[in-house]
Amino acid sequence: MKSFSKRASLVALSSVLALTGCAFAGDNNKKPATQAKAKKVVKPVQGDEFANFNQWSDVAAFIDQMAEKNGFDKKELQATLNKTHFVDSAIQLMKPAPPGKPKNWAAYRSRFVEPVRIDAGVAFWNTYADALARAEAQYGVPAEIIVAIVGVETVYGRNTGNFRVMDAITTLAFAYPDTPNRTARMNYFRGELENTLLFARDERIDPFSLLGSYAGAIGWPQFMPGSIRKFAVDFDGNGHIDLRNSPVDAIGSVASFLVQHGWRKGEPITYPARIDTTSTEWQRFIGQGLEAKFSLEELRAAGVTPVIDPPVGMPFGLVDLQNGEDPTEYWLGAANFYAITQYNRSFFYAMSVNDLSRAMRTARNY
């Protein structure tokens, strides 16, 4: 999940494409839902080289802070960081993408709303129907939205990442690439390093056992460590939060995350819209953040017309899906659309989740 840069998010998402030809690994008859695991064997990426992080002044300050704030033993932390490796590939992947072709919604969508992922999603839904129904009843998030997010993120546990989280996050916390937001991003990853160590202590696990993406996202739903500690839930009731091995915990945690980021039970997600191309008034609604905050009256007055009339009194944002050289698609995004963007700050991502969820529901009811 991921709370890192949009470019990083897209790179992480594109990495699952090689797996879209794989069949779903779940088995209704062989394993209980709370114990099922993806069958792919993952070989950990330990890091490109050893780095004596203990000699870095910023690391020493971090250790002092962890000891004072969280009661960690300094020598034990030093020993832990002495086993941590520098991951240059994480640095390279965090660098801004070079200027390229215009954004293309149709091409992006085709990566995720496609037959293999739809079929795997239906299989996942059927396998964990009880847990999904329970999550929908408890949190108000439709089953198909939860299933779609897990599908887009990891192809239902097939690609959860093979970087050691300690290596990746420590590298980014103290050696983030030279970008305009470098200081802010290093502070963010230092917070995630803190959360990694706290989560490992709370769950009594070896922090080096945690594998994830090059940015440190973990498990079936790809939660960052901070998000695990804030939003994840023990949905299978075994006393532990385990997003790596429990699809049921992943299901409840995705629903919990969305609700705590503004999901509204029973409300729509999007409505198609037309714009008045003879006017430029509507353009002031573009790029206005990830929030539904404009009334239909405001939007209509500026030349934005919903194709289907939405409920009266509901706020919206204007969503523009650029299509390369083809015309841009425009939609009205409700609060639930923007709740999905809090999972990944991208209109393309949120709309892919929405479209995949619809395709799976149609396929499952066929």
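The figures that follow rest on heavy atoms only: side chains count, while hydrogens, waters and symmetry mates do not. Along the sequence shown, residues carry numbers from 1.
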Report yes or no: does Ser256 contribute a side-chain atom to a donor-acceptor pair with the main-chain N or O of Phe231 at less than 3.5 Å?
-> yes
Cation-pi check, Arg117 onto Phe112 ring (under 6.0 Å, within 45° of axis) | no
Are the side chain of Asp234 and the backbone of Gly239 linked by a donor-acceptor contact shorter than 3.5 Å?
-> yes
How are the rings of Trp105 and Phe348 set to each other: parallel, tilted or perpendicular (split at 30° and 60°)?
-> tilted
Spacing of OG1 belonging to Thr84 relative to CG belonging to Asn54, to within rounding of 0.5 Å = 8.5 Å
Sub-4.5 Å side-chain heavy-atom contact between Arg185 and Leu172 | no
Electrostatic pair Lys95:Asp178 at N-O distance under 4.0 angstrom | no
Does Glu114 offer a backbone N or O that forms a donor-acceptor pair with the side chain of Arg109 under 3.5 Å?
-> no
Do Asn365 side-chain atoms and Arg361 backbone N/O form a donor-acceptor pair below 3.5 Å?
-> yes
Would a distance-only check, ignoring hydrogens and angles, find a side-chain to backbone donor-acceptor pair under 3.5 Å from Glu203 to Ile205?
-> no
Should the ring pair Phe347 and Tyr338 be called parallel, tilted or perpendicular, given that the plane angle runs from 0 to 90° and is split at 30 and 60?
-> perpendicular
Side-chain contact test, heavy atoms from C-beta onward, threshold under 4.5 Å: evaluate it for Ile149 versus Pro221 and give yes or no.
-> no
Side chain proximity check, Leu332 to Phe337, heavy atoms < 4.5 angstrom = no
Residues Leu193 and Met166: closest non-hydrogen pair is CD1-SD, 3.8 Å
Less than 4.5 Å apart, any side-chain heavy atom of Ile269 and any of Trp263?
-> yes
Does the Ser357 side chain pair with the main chain of Asn354, one donor and one acceptor, at a distance under 3.5 Å?
-> yes
What is the minimum heavy-atom distance between Ala135 and Ile251, and which atoms define it?
-> CB-CG2, 3.9 Å
Quick one: do the Gln322 and Asn104 side chains pair a donor with an acceptor below 3.5 Å?
-> no
For the residue pair Phe124 and Trp220, does the interplanar ring angle fall in the parallel (under 30°), tilted (30 to 60°) or perpendicular (over 60°) class?
-> tilted
Please examine the side chains of Val165 and Pro207, heavy atoms only from C-beta on, and report whether any two atoms are closer than 4.5 Å.
-> no
Separation between CD1 of Ile241 and OG of Ser253, rounded to the nearest 0.5 Å = 6.5 Å
Please report, to 0.1 Å, the donor-acceptor pairs under 3.5 Å made by any side chain of residues 283-291, with sequence neighbours excluded.
unit_1, atom_1, unit_2, atom_2, d
Gln288, NE2, Arg284, O, 3.2

Working to the nearest 0.5 Å, report the span between CG of Leu132 and CG of Asp130.
-> 9.0 Å
Ile169 CD1 to Leu210 CG distance, which is reported to the nearest 0.5 Å = 9.0 Å
Glu144 and Arg364 ion-paired at < 4.0 Å | no
Determine, stepwise, if the pair Asp309 / Arg300 fulfils salt bridge (Lys or Arg N to Asp or Glu O under 4.0 Å).
-> CA-CA 11 Å; Asp309 287 334; Arg300 283 193 172 107; 3.3 Å; yes
Say you draw a straight line from NZ of Lys265 to CD of Glu136; how long is it, rounded to the nearest 0.5 Å?
-> 8.5 Å
Heavy atoms, side chains only, cut-off 4.5 Å: are Phe316 and Lys293 in contact?
-> no
Start with the C-alpha distance between Asp202 and Arg229, add both sets of side-chain angles, then the distance that settles side chain to side chain contact (heavy atoms under 4.5 Å, CB included), and finish with yes or no.
-> CA-CA 10 Å; Asp202 292 345; Arg229 297 189 68 237; 3.8 Å; yes
Can you establish whether the number of heavy atoms outside Asp206 located under 6.0 Å from its atom CG is more than 12?
-> yes
Smallest heavy-atom separation, Leu81 atom then Phe53 atom, equals O-CD1, 4.2 Å
Axial cation check for Tyr330 ring with Arg274, 6.0 Å and 45° limits | no
Keeping the roles fixed (side chain from Asn336, backbone from Arg264), state whether a donor-acceptor pair exists under 3.5 Å.
-> yes
Where Ala359 and Val113 come nearest, the two heavy atoms and their spacing | CB-CG1, 4.2 Å
Check whether any side-chain N or O of Glu298 sits under 3.5 Å from a backbone N or O of Ser295 as a donor-acceptor pair, and report yes or no.
-> yes
Give a yes or no on whether the backbone of Asp326 and the side-chain of Asn323 come within a donor-acceptor separation of less than 3.5 Å.
-> no
Return the minimal non-hydrogen interatomic distance between Phe257 and His261, and the atom names on each side.
-> O-ND1, 2.8 Å
Under 3.5 Å side-chain donor-acceptor pair for Glu153 and Tyr349 | yes
Side-chain (Glu192) to main-chain (Gly226) donor-acceptor, under 3.5 angstrom = yes
Please examine the side chains of Leu198 and Phe72, heavy atoms only from C-beta on, and report whether any two atoms are closer than 4.5 Å.
-> yes
Does any donor atom in the side chain of Gln78 or Lys75 lie under 3.5 Å from an acceptor atom in the other side chain?
-> no
Check whether any side-chain heavy atom of Leu93 sits under 4.5 Å from a side-chain heavy atom of Tyr214, and report yes or no.
-> yes
Which pair of heavy atoms, one from Ser209 and one from Arg244, lies closest together, and at what distance?
-> O-NH1, 3.2 Å
